[in-house]
Student: 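Just dropping this structure here.
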Protein chains: 2
Amino acid sequence: MAPRSPKPLGPSLSRNGRPGSVTIKHVAQEAGVSVATVSRVLNEKGPVRETTRNRIREVAERLRYAPHGAARSLITNKTSTIGVLLPDIYGEFFSELIRGIDRASRQREYHLLVSSSHGDRRELEAVLRATRGRVDGLIVMSPDLDTQTLQANLPETLPVVLLNCRSDGAWFDSITIDNHGGAHAMVRHLVELGHRRIALVKGPAGNFDASERQRGYRDALRELPGGWSEELEFDGDFSEEGGYLAGTRILQLADRPTAVFSANDGMAIGVLLAVRDAGLRVPEDISVAGFDDIPISRFTVPPLSSVRVPIADLGAQAITRLLHTIDMENRHDRLRVTLGTTPVLRQSCAPPRLDERRARGTAPTGESIRTNNPPTAVGGRSTAGGPQTASEPTAGGSKRTGSGKELSGSPRRRGP
Amino acid sequence: MAPRSPKPLGPSLSRNGRPGSVTIKHVAQEAGVSVATVSRVLNEKGPVRETTRNRIREVAERLRYAPHGAARSLITNKTSTIGVLLPDIYGEFFSELIRGIDRASRQREYHLLVSSSHGDRRELEAVLRATRGRVDGLIVMSPDLDTQTLQANLPETLPVVLLNCRSDGAWFDSITIDNHGGAHAMVRHLVELGHRRIALVKGPAGNFDASERQRGYRDALRELPGGWSEELEFDGDFSEEGGYLAGTRILQLADRPTAVFSANDGMAIGVLLAVRDAGLRVPEDISVAGFDDIPISRFTVPPLSSVRVPIADLGAQAITRLLHTIDMENRHDRLRVTLGTTPVLRQSCAPPRLDERRARGTAPTGESIRTNNPPTAVGGRSTAGGPQTASEPTAGGSKRTGSGKELSGSPRRRGP
DNA sequence: GGGAACGATGTAAACGTTTACACTAAATTC
DNA sequence: GAATTTAGTGTAAACGTTTACATCGTTCCC
């Protein structure tokens with residue numbers, strides 16, 4: 001590629017004519033030392049005389065020298081980059097996750113090589129192979145993919161953390177959110193409110209999160225005499241549209257359910273819409289609960305009960321673990337962590353109507369409809385502990401003179 | 001670092017003992033050819049005998065060889081990676097943008113090095129320098145940052161596309177969305193509905209998008225006899241909370257505005273909430289419009305009028321331009337593109353009450369409150385053309401028997 | 001049959017770093 | 001004052017590729 005040429009390199013002009021790429025050689029030449037010394041100064045390794053050091057620093061600064069990443073990682077075998085493989089689309093969840101990962105990695109001076117969509121398997125393989133020599137580790141989240149492909153296409157030495165995947169038999173580290181526990185707790189809560197006929201809006205088939213949440217739903221209902229029934233489970237695809245469709249179908253059931261648990265918030269919002277379009281009210285006529293607690297859920301009408309997921313934690317922990325593995329050269333044993341999820345109760349859930357409860361014989365424990373819960377702090381993250389009551393702005397039932405003071409949550413800037 | 005050792009390298013064990021990293025040498029040795037030949041086969045350059053080629057391919061496959069990215073880019077001076085620098089937090093907008101960029105770049109077999117937050121200037125500088133030898137080009141979006149720092153810390157040869165930045169005097173390419181035009185058109189629409197007293201919820205000070213939208217708002221009002229007035233402009237920060245606060249203050253005005261234009265949808269949702277909490281109704285008592293048309297805006301109550309922004313386009317165009325610049329080695333002239341934005345009308349805007357209009361003397365053109373617009377296709381993206389009527393599911397005013405059939409828009413999966 | 005042209009392959013230089021090792025001169029130790 | 005450490009620096013190998021050039025057979029064309 002490069003023509004063979006004599007030694008003398010122009011002061012800040014590399015041989016191939018493109019200016020601007022000043023190398024360590026230029027710095028060395030300009031400072032009148034060898035490249036080794038420059039390298040030593042810049043990496044603060046080995047002893048260098050004070051005066052020399054200053055001179056080199058000054059020259060480097062003046063020439064705007066920045067080491068060539070590829071060259072460096074070629075020899076050090078470190079890229080200070082970690083790869084992030086994400087499923088096709090993840091909306092709110094996605095951006096929050098990236099944010100968590102980014103923050104944690106920046107702190108440790110690592111870069112992020114992100115790949116957000118990998119449709120078919122061949123594409124995934126291509127991406128995987130392409131990562132060689134580009135990343136020091138990999139964070140993979142692909143709830144509808146098999147880990148086989150991963151295992152086959154990655155060098156065994158590459159540290160990998162699986163996020164929220166079914167990690168069947170794979171020897172990767174994995175960090176998961178407690179989908180099952182969260183769903184179970186939320187449905188359990190609905191049951192405690194007095195609901196017996198609770199519909200489910202499922203997530204996409206084959207999706208790990210979706211199936212775990214379904215499992216949680218079923219297990220919660222299994223504790224009741226009636227158990228669960230397939231006819232109360234409706235297909236969905238994690239989209240608002242899908243939720244709307246499912247909601248519409250649910251409302252057409254002869255014996256209408258008194259509550260709907262949706263496998264994510266997006267679909268739950270679709271259900272809310274369907275209920276409204278059918279001329280019914282939430283939660284008076286039917287309760288609705290979601291999963292994920294995306295930011296907007298506090299602002300739906302009525303505010304949506306949901307299951308809070310520690311998304312940012314998920315990312316941060318993945319990074320921590322990954323970098324730890326990278327540091328300890330030797331492979332330690334496989335990690336499996338499950339992060340707790342927390343039900344957050346808002347106004348979209350209430351006890352079923354009195355008459356319905358009477359008809360079913362579930363004893364009422366208080367007045368018919370709970371409106372405004374007293375603000376209570378949301379803390380902890382245990383799944384085991386029962387659901388908690390949210391302290392966020394409640395725009396629920398009817399009039400409240402909101403002062404705005406109650407607005408809580410981290411002041412995240414969104415938009416533009 | 002590596003100990004000097006004799007030539008013979010184990011069949012698939014690199015010298016430093018870490019297995020798994022099989023190099024081109026291993027392949028060459030195994031296939032009984034020189035590395036040059038292997039390289040030629042794998043890159044499909046130069047003539048190689050059919051049989052040799054097959055043998056090499058087979059060996060490479062068997063050994064799971066993947067070229068070392070860093071080594072390759074060291075010599076080719078191409079990384080097939082482009083860097084993406086984003087502002088701290090961008091929620092929906094952010095993920096959509098990444099998605100657009102990712103899709104476009106993957107198609108061209110480019111990787112993405114993402115850096116989403118760069119707080120202070122020193123941090124940004126560090127990130128910028130770190131990109132040397134890691135990326136072939138840069139996409140930068142930082143609506144509240146000066147381009148000076150960029151210019152100072154990047155090699156002149158690096159292709160850069162600025163997204164939605166004030167590109168004062170910089171010689172970078174820049175692609176911008178028509179913030180001014182969109183805001184202008186939306187406010188203009190409110191005016192045509194009969195509104196005269198229109199409040200603004202501003203974005204964060206110093207933010208480019210925010211200030212442009214404010215300018216659009218002012219320019220639209222300037223066309224009226226009254227003009228604009230500072231006392232109708234309220235501080236915001238692009239968050240729902242900020243919108244709620246601003247909304248509350250707006251409603252407390254003695255002479256209450258009949259409409260509110262918010263610099264983004266998040267704040268507009270906050271305003272919706274504030275109105276509801278004050279016991280008033282949208283759009284009967286007050287109209288509300290936002291900006292960005294984030295997915296959720298179709299599902300608020302009532303559905304929010306907003307300005308659609310071609311986010312994915314923004315990303316895709318940036319990539320296209322960038323790669324084009326990379327291909328053409330020589331620098332052509334600076335590009336400045338503005339992408340049109342499209343007002344999308346939903347149920348959150350209606351003519352002001354009859355009595356109010358009479359009091360102000362603005363002639364009513366029809367009946368008092370427009371409820372359901374006939375579904376019309378949303379197309380094109382011209383800002384110049386007037387606002388368009390949305391065809392999305394309307395959950396507005398009161399009961400509608402939604403069939404779900406009207407649900408349109410791309411079937412984006414969200415969640416989980 | 002003697003080049004010329006070409007096809008197939010190997011050799012080795014480069015890319016920009018880091019770092020083991022060699023070397024010198026000064027400082028320390030005995 | 002000699003021996004030994006130590007600080008400061010240079011030399012050159014290595015990292016894993018790509019590719020210009022050299023080499024060696026063939027085949028082709030008069």
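Reminder, nothing fancy here: chain letters follow the sequence lines and each chain counts from 1.
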Student: Look at all strands and tell whether S39(B) reaches a base, only sugar-phosphate, or nothing, counting heavy atoms closer than 4.0 Å.
Tutor: base
Student: Just so I know, are the side chains of V84(A) and L113(A) near enough to count as touching, which here means a heavy-atom distance under 4.5 Å?
Tutor: no
Student: Answer with base, sugar-phosphate or nothing: what part of the nucleic acid does T52(A) contact at a heavy-atom distance below 4.0 Å?
Tutor: sugar-phosphate
Student: Are OP1 or OP2 of dT18(D) and a side-chain N or O of K45(B) less than 4.0 angstrom apart?
Tutor: no
Student: Heavy atoms from C-beta onward define the side chain here; which of dG16(C), dA8(C), dT17(D) lies closest to that of R49(B)?
Tutor: dA8(C)
Student: Can you tell if the side chain of T81(A) reaches within under 4.5 Å of the side chain of R134(A), non-hydrogen atoms only?
Tutor: no
Student: Does R40(B) use its side chain to pair, donor to acceptor, with the backbone of K45(B) at less than 3.5 Å?
Tutor: no
Student: Any idea which of dG10(D), dT17(C), dT17(D) is nearest the I24(A) side chain?
Tutor: dT17(C)
Student: Distance check needed: dA8(C) P versus R55(B) CZ, whole Å only.
Tutor: 13 Å
Student: Under 4.0 Å: is that the gap between some side-chain N or O of T23(B) and OP1 or OP2 of dG16(D)?
Tutor: no
Student: Any carboxylate oxygen within less than 4.0 angstrom of a Lys/Arg side-chain nitrogen, looking at R103(B) and E123(A)?
Tutor: no
Student: CG of L42(A) versus C1' of dT18(C): gap in Å, rounded?
Tutor: 12 Å
Student: Among the candidates dG10(D), dA20(D), dG16(D), find the nucleotide nearest to the side-chain atoms of R40(B).
Tutor: dA20(D)
Student: Heavy atoms only, 4.0 Å cut-off, all strands: where does P47(B) land among base, sugar-phosphate and nothing?
Tutor: base
Student: In whole Å, I'd like the distance from the CZ atom of R72(B) to the P atom of dT18(D).
Tutor: 5 Å
Student: Tell me whether the side-chain N or O atoms of R132(A) pair up with the base of dG16(D) as donor and acceptor below 3.5 Å, since no angle test is needed here.
Tutor: no
Student: Given side chains that start at C-beta, do those of V33(A) and V38(A) come closer than 4.5 Å, heavy atoms only?
Tutor: yes
Student: What nucleotide, of dG16(D), dT17(C), dG10(D), holds the atom closest to the side chain of L74(A)?
Tutor: dG16(D)
Student: How long is the line joining NE2 of H26(A) and P of dT17(C), in whole Å?
Tutor: 10 Å
Student: Quick one: is dC15(D) close enough that its OP1 or OP2 comes under 4.0 Å of any side-chain N or O from N77(A)?
Tutor: no
Student: Expressed in angstrom and rounded to an integer, what is the separation of Q29(A) atom CD from dT17(C) atom P?
Tutor: 14 Å
Student: Return the value, rounded to whole Å, for the distance between atom CD1 of I75(B) and atom C1' of dC15(C).
Tutor: 5 Å
Student: Would one find a side-chain N or O of T37(B) under 4.0 angstrom from OP1 or OP2 of dG10(C)?
Tutor: yes
Student: Between atom NE2 in H68(A) and atom P in dC15(C), what is the gap in whole Å?
Tutor: 11 Å
Student: Whole-Å distance between dG10(D) C1' and K25(A) NZ?
Tutor: 15 Å
